[in-house]
Amino acid sequence: NTANTGNTNNSGTNSGDTGDTASDVITIKIGGIGPLTGDNAVYGLATDYGAQIAVDEINELGGNIQFEYDFQDDTGVGETAVSAYNALKDWDVDIIYGCTTTDPCISVAAETNSDRYFQLTPSASSTDVTAGKDNVFQMCFTDPGQGVAAGNYVVDNSLGTKIGVIYNNGSAYSTGIAESFISTVEAAGLEVVAAETYPSDDNTDYNVQITACRDAGADLVFLPIYYTPASLILNQAKNQLNYTPTFFGGDGMDGILTMEGFDTSLADGLMLLTPFNASATDEATVNFVTKYEERYGETPNQFAADGYDCIYAIYEALQQVDNLSEIAAMDYAERHEALCDALIGV
């Protein structure tokens, strides 16, 4: 796992061999999965866009490894994600990139493990994604690690003394972060005065959870949830309950400012944990951000950066497979299994 921006130490600097003849070129099909529509579309679009930039850069190098890329919409739902995965299999996909969000990725990872496809997710951070699967890897930090890091940051910077937590107990992602966060701040001597749950991100009314935090005197409320329910909580807390504690989110909060119809003033003072800083001044990050903004008209979030990193990680791993030409010449049924085994061993 990586929790740093890595995005860009590869930007335009990898040097595949040039001057290869057409017969030397090895074409690898990478199939992506994530939400392009629905409530979580900001995440999926970002991972798709970041990956597409990396694919184009790698292909422009003119080396003997070239990528074909197809990204399928899973709408953020496990069943749809499995259908997207099956569509990629029909396309003769070689490597699975994704899924973007946790619960769909858990569903697809079970399939890729059985079918023996190498899988790398940019952002599905639950330990359930990889547990018991030797073929599935994560670019992002894990949920327990994120909860500990967030908890330590709150403690180290004295952000609150009475802590409230609102999380989705029907989500492996949200629960994993919440549990490790609560353990961390309590071990440091802070009081968790309210730990409020809701069963699904389809929920639209969070007054009960917010009121419990307010009435318990929470001066910081931790939200390890996706941006859609978070936007509703921020709105209802301020405009319905006149409650304005410090709100602190996990990486799922990233993208809230670009959410259609969201009043960005509600995010004033909001803090979130993220592995990527788009305003960093190192050359690699500047190059990536500039290219992303020129192409898509917005600043990339961490999901875009992790998506970009994933494609370069796959590219660099493929360069270390000694018998890649032999694998590429195999029949499809044998090829993806041999490629999976080879990449696991890199």
Side-chain angles (χ1 to χ4, degrees), residues 1-18 20 24-33 47 50-51 53-59 61-70 85 88-89 92-100 105 108-125 127 129-142 145 275 284 305-346:
N1 301 321
T2 178
N4 54 33
T5 60
N7 50 330
T8 41
N9 46 18
N10 299 309
S11 182
T13 61
N14 286 293
S15 54
D17 294 333
T18 57
D20 299 287
D24 294 327
V25 172
I26 299 168
T27 300
I28 300 294
K29 289 186 173 183
I30 298 177
I33 304 173
T47 55
I53 289 174
V55 167
D56 291 346
E57 288 180 353
I58 288 165
N59 287 343
L61 293 174
N64 68 319
I65 297 174
Q66 296 281 288
F67 289 152
E68 290 185 19
Y69 175 68
D70 182 32
Y85 165 66
L88 292 172
K89 287 170 62 179
D92 290 351
V93 67
D94 293 306
I95 294 170
I96 297 296
Y97 158 64
C99 300
T100 299
C105 199
V108 169
E111 301 291 327
T112 64
N113 182 252
S114 176
D115 294 339
R116 306 310 295 161
Y117 285 89
F118 184 83
Q119 181 177 357
L120 176 62
T121 171
S123 49
S125 49
T127 53
V129 169
T130 58
K133 308 174 190 73
D134 64 342
N135 67 306
V136 185
F137 298 84
Q138 294 162 303
M139 179 61 66
C140 53
F141 41 37
T142 63
D306 281 344
Y308 181 89
D309 284 356
C310 278
I311 301 302
Y312 269 108
I314 291 169
Y315 179 60
E316 293 181 359
L318 288 167
Q319 290 176 307
Q320 298 181 51
V321 177
D322 293 333
N323 62 335
L324 185 60
S325 295
E326 297 174 13
I327 292 174
M330 294 178 178
D331 290 337
Y332 175 62
E334 298 177 334
R335 185 175 75 239
H336 73 77
E337 293 187 29
L339 188 57
C340 179
D341 290 340
L343 290 173
I344 289 170
V346 169

Salt bridge (Lys or Arg N to Asp or Glu O under 4.0 Å) partners of Asp70, counting only residues at least two apart: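 Scan of Asp70 (salt bridge (Lys or Arg N to Asp or Glu O under 4.0 Å), adjacent residues dropped) gives none.
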
Results of salt bridge (Lys or Arg N to Asp or Glu O under 4.0 Å) for Asp115 - residues two or more places apart only: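 Result, salt bridge (Lys or Arg N to Asp or Glu O under 4.0 Å) vs Asp115: Lys89.
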
side-chain hydrogen bond (donor to acceptor under 3.5 Å, both in side chains) partners of residues 321-331, not counting sequence neighbours, each pair once: none

Can you give me the closest heavy-atom contact between [X] and [Y], atom names plus distance?
{"X": "Leu318", "Y": "Leu324", "value": "O-CD2, 3.7 Å"}
{"X": "Asp92", "Y": "Arg335", "value": "O-NH2, 3.8 Å"}
{"X": "Ala313", "Y": "Met139", "value": "CB-CE, 3.9 Å"}
{"X": "Cys105", "Y": "Gln119", "value": "SG-NE2, 3.6 Å"}
{"X": "Cys99", "Y": "Ala124", "value": "O-CB, 3.8 Å"}
{"X": "Leu88", "Y": "Gly32", "value": "CD1-O, 3.7 Å"}

Would you please name every residue forming a side chain to side chain contact (heavy atoms under 4.5 Å, CB included) with [X], sequence neighbours left out?
{"X": "Glu68", "result": "Thr27, Lys29, Trp91"}
{"X": "Ala338", "result": "Ile327, Met330"}
{"X": "Ala317", "result": "Leu343, Val346"}

Distance from [X] atom [atom1] to [Y] atom [atom2], nearest 0.5 Å?
{"X": "Ile28", "Y": "Asp94", "atom1": "CD1", "atom2": "CG", "answer": "5.0 Å"}
{"X": "Ile314", "Y": "Ile95", "atom1": "CD1", "atom2": "CD1", "answer": "5.0 Å"}
{"X": "Leu61", "Y": "Gln66", "atom1": "CG", "atom2": "CD", "answer": "8.0 Å"}
{"X": "Asn59", "Y": "Phe67", "atom1": "CG", "atom2": "CZ", "answer": "7.5 Å"}

Any donor-acceptor pair under 3.5 Å from Thr112 side chain to Ala109 backbone: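 A pair under 3.5 Å: yes.
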
Check: Val93 main-chain N/O paired with Tyr332 side-chain donor or acceptor under 3.5 Å: yes

For [X], check side chain to side chain donor-acceptor pair (under 3.5 Å) against everything at least two apart and list the hits.
{"X": "Thr121", "answer": "none"}
{"X": "Asn113", "answer": "Asn135"}
{"X": "Thr47", "answer": "Thr100"}

side-chain contact (heavy atoms from CB on, under 4.5 Å) evaluation trace for Ile65 with Tyr315: CA-CA 8 Å; Ile65 297 174; Tyr315 179 60; 4.0 Å; yes

Within residues 133-142 or reaching into it, pairs that qualify as salt bridge (Lys or Arg N to Asp or Glu O under 4.0 Å) - sequence neighbours excluded: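 For residues 133-142: Arg116-Asp134.
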
Validation row: Leu120, Tyr97 side chains within 4.5 angstrom (heavy atoms): no

Ring pair (Phe, Tyr, Trp, His ring centres under 6.0 Å) involving Tyr117 - partner list, sequence neighbours excluded: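 Partners of Tyr117 by the ring pair (Phe, Tyr, Trp, His ring centres under 6.0 Å) criterion, ordered by chain and then number, come out as Tyr85, His336.
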
